[in-house]
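A quick write-up on the structure given underneath.
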2 protein chains.
Amino acid sequence: MSYPPGYRIERERNRTEKAGDIARAKAIQAAIELFSTSGYNKSSIAEVALRTGLSQSGLLHHFPNKTALLTAVLEQREKEDSEFLFGEGAAPLGWAAFDSLLALVARNSTRPEWIGLFVRISAEATEANHPANQWMLDHYRSTRQWLTQAIEDGKRTGEILPDVPVDAIVRNTIAVLDGLQQQWVAEPDSMSMVAELRVYLDQLRSAWGNPQQ
Amino acid sequence: MSYPPGYRIERERNRTEKAGDIARAKAIQAAIELFSTSGYNKSSIAEVALRTGLSQSGLLHHFPNKTALLTAVLEQREKEDSEFLFGEGAAPLGWAAFDSLLALVARNSTRPEWIGLFVRISAEATEANHPANQWMLDHYRSTRQWLTQAIEDGKRTGEILPDVPVDAIVRNTIAVLDGLQQQWVAEPDSMSMVAELRVYLDQLRSAWGNPQQ
DNA sequence: GTCTATACCTCGATAGAC
DNA sequence: GTCTATCGAGGTATAGAC
């Protein structure tokens with residue numbers, strides 16, 4: 001029996017890559033937890049390394065610099081959120097889009113690190129030369145695009161009234177999400193993001209929903 | 001002609017205090033501008049000193065440490081905001097309270113540093129041992145108290161429906177304010193906080209306002 | 001792939017002269 | 001009231017051994 005050429009080397013590479021990937025994933029997780037409470041600026045890669053069980057240089061073997069670590073963290077967050085929201089299929093449209101926001105908030109209420117991460121990083125990233133600045137702008141733009149499309153589709157199917165002020169509702173909805181997260185990070189036990197958001201969404205529906213449907 | 005005892009000394013003290021106060025005020029202004037773009041953690045007192053026209057030690061003569069500088073900045077912001085909102089008289093109640101929020105946002109739209117300052121600091125301050133943590137908690141609590149009282153009073157006078165979900169509306173309104181500020185700091189030219197907030201407030205009124213009045 | 005050692009920087013705060 | 005000088009801590013990143 002013979003192996004295809006290069007098999008041994010391939011196998012070896014895969015094994016080591018896998019070991020490396022475990023350390024990498026562990027580091028990303030540690031970074032998420034640290035960034036979520038201390039933000040990016042104030043967090044040190046040494047502390048991330050410590051929580052990962054590596055030395056600082058050991059960590060920097062997996063990420064060339066601090067910025068690369070941040071990038072990996074943001075990619076992970078973006079990936080998990082969009083998988084939850086859109087899964088395999090198409091993005092929900094009409095009021096269903098707003099319902100899925102509620103579902104996302106419900107899920108994230110059980111993952112405080114994720115809310116903290118977003119609140120801290122997106123505030124820091126308003127600075128033009130922050131390494132997450134472009135990510136933040138992209139995140140807002142794509143969210144606005146999706147919600148705009150959702151409302152337009154709702155108008156088309158008739159479940160949303162045609163004279164709805166689309167842009168304002170899109171921005172206000174995002175604002176409520178962000179603002180509730182901010183309050184929740186400050187005092188998690190004093191409120192339910194889901195309950196508050198539901199009131200807002202009911203209000204939206206009663207103001208702009210088609211009463212015929 | 002004789003002077004009251006200690007007059008000369010008093011006069012001297014006032015003169016020097018005044019000179020000191022000018023440097024102090026200038027430093028606070030410089031700190032506001034720097035903190036509003038870089039946040040507190042990332043800003044250095046050396047940079048504040050530079051913009052003030054002092055050396056680092058010169059600045060630290062007026063503020064014992066960096067925290068004291070932050071405190072002075074926050075006191076200034078709180079003072080100006082509450083003077084604008086409440087002035088000499090009593091706090092506005094009922095729907096008038098929400099109108100005055102709109103007026104505040106309109107004014108602050110012309111002072112980007114103030115919005116930036118709040119967005120950056122309040123996000124950083126969600127960390128429990130951040131020097132502005134208590135300030136942030138107090139700020140939210142007192143805002144909630146005022147708005148809660150405003151709605152209760154509106155119910156009493158009949159301009160607000162009695163079955164309004166008070167807590168949720170208070171928190172959502174604060175969330176919209178904070179969230180719009182966040183978006184505006186990220187991209188000031190892409191939106192009008194006043195226009196978006198007005199849509200939200202109209203929605204509130206149409207959902208919970210008494211149609212009889 | 002992980003480590004130790006280290007270069008180099010920035011920061012907050014203090015000491016002490018003027 | 002403001003300055004220069006300096007200390008000590010903590011940060012990112014690199015060099016090089018294993």
Side-chain angles (χ1 to χ4, degrees), chain A residues 9-31 34-35 37-73 120-121 124 127 129-132, chain B residues 9-31 34-35 37-73 120-121 124 127 129-132:
Chain A
I9 291 167
E10 262 307 303
R11 195 159 158 261
E12 193 64 18
R13 242 196 65 226
N14 285 342
R15 196 190 58 77
T16 31
E17 269 191 8
K18 212 160 220 167
D21 283 354
I22 290 174
R24 211 186 122 91
K26 211 171 158 190
I28 292 177
Q29 190 53 40
L34 185 58
F35 292 175
T37 59
S38 300
Y40 171 77
N41 288 331
K42 208 190 141 204
S43 299
S44 71
I45 47 182
E47 175 67 20
V48 175
L50 188 71
R51 296 185 183 203
T52 312
L54 285 176
S55 72
Q56 188 189 339
S57 325
L59 177 68
L60 284 179
H61 173 76
H62 298 279
F63 306 91
N65 50 41
K66 200 186 172 188
T67 306
L69 177 58
L70 175 60
T71 303
V73 163
R120 304 297 305 273
I121 301 286
E124 281 183 359
E127 190 170 16
N129 54 351
H130 189 283
Chain B
I9 291 167
E10 262 305 304
R11 194 157 158 264
E12 193 64 16
R13 242 195 66 228
N14 284 342
R15 196 187 59 74
T16 31
E17 269 190 8
K18 212 158 221 168
D21 283 353
I22 289 174
R24 213 185 121 91
K26 210 170 157 190
I28 292 177
Q29 190 54 38
L34 184 58
F35 291 176
T37 58
S38 301
Y40 171 77
N41 288 332
K42 209 191 141 203
S43 298
S44 70
I45 46 181
E47 175 67 21
V48 175
L50 189 70
R51 297 184 183 203
T52 311
L54 284 176
S55 72
Q56 188 189 347
S57 324
L59 177 68
L60 284 178
H61 172 77
H62 297 279
F63 306 90
N65 50 41
K66 199 186 172 188
T67 306
L69 178 58
L70 176 61
T71 304
V73 163
R120 302 298 306 269
I121 301 286
E124 281 183 0
E127 190 169 16
N129 53 353
H130 189 282

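To find a chain, count down the sequence lines: A is the first, B the second, and so on, and within it residues start at 1.
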How long is the span from the CZ atom in B/R24 to the NE2 atom in B/H62, to the nearest 0.5 Å?
9.0 Å
OG1-CD1 distance between B/T52 and B/I22, expressed to the nearest 0.5 angstrom
13.5 Å
Distance check, rounded to the nearest 0.5 Å: A/L54 atom CG versus A/H61 atom NE2?
10.0 Å
In whole angstrom, what separates B/I22's CD1 from D/dT2's C1'?
15 Å
Output one line per pair: protein atom, nucleotide atom from nucleotides 8-12 of chain D, and distance, for all N/O pairs under 3.5 Å.
{"unit_1": "D/dT12", "atom_1": "OP1", "unit_2": "A/K66", "atom_2": "NZ", "d": "3.3"}
{"unit_1": "D/dT12", "atom_1": "OP2", "unit_2": "A/I45", "atom_2": "N", "d": "3.1"}

To the nearest angstrom, the NE2-C1' distance between A/H62 and C/dC3 comes to 12 Å
Measure the spacing between CG of B/N41 and OG of A/S43 and express it to the nearest 0.5 Å.
9.5 Å
Write down the distance between CG (A/L59) and C1' (D/dT14), rounded to a whole number of angstrom.
15 Å
Got a donor-acceptor contact below 3.5 angstrom from the B/E47 side chain to the B/L34 backbone?
no
Near DNA chain D, under 4.0 Å by heavy atom, which residues of residues 48-55 of chain A?
none
OP1, OP2 of D/dT2 versus side-chain N and O of B/H61: anything below 4.0 Å?
no
Using a strict 4.0 Å threshold on nitrogen-to-oxygen distance, state whether B/K42 and A/E127 make a salt bridge.
yes
Just verifying a value: how many Å separate B/Y40 OH and B/T67 OG1, rounded to the nearest 0.5 Å?
3.5 Å
If only atom types and distance count, is the side chain of B/R120 paired as donor or acceptor with the main-chain N or O of B/T37 below 3.5 Å?
yes
Measure from the side chain of A/A23, starting at C-beta and using heavy atoms only, and say which of C/dT2, D/dT2, C/dC3 lies closest.
C/dT2
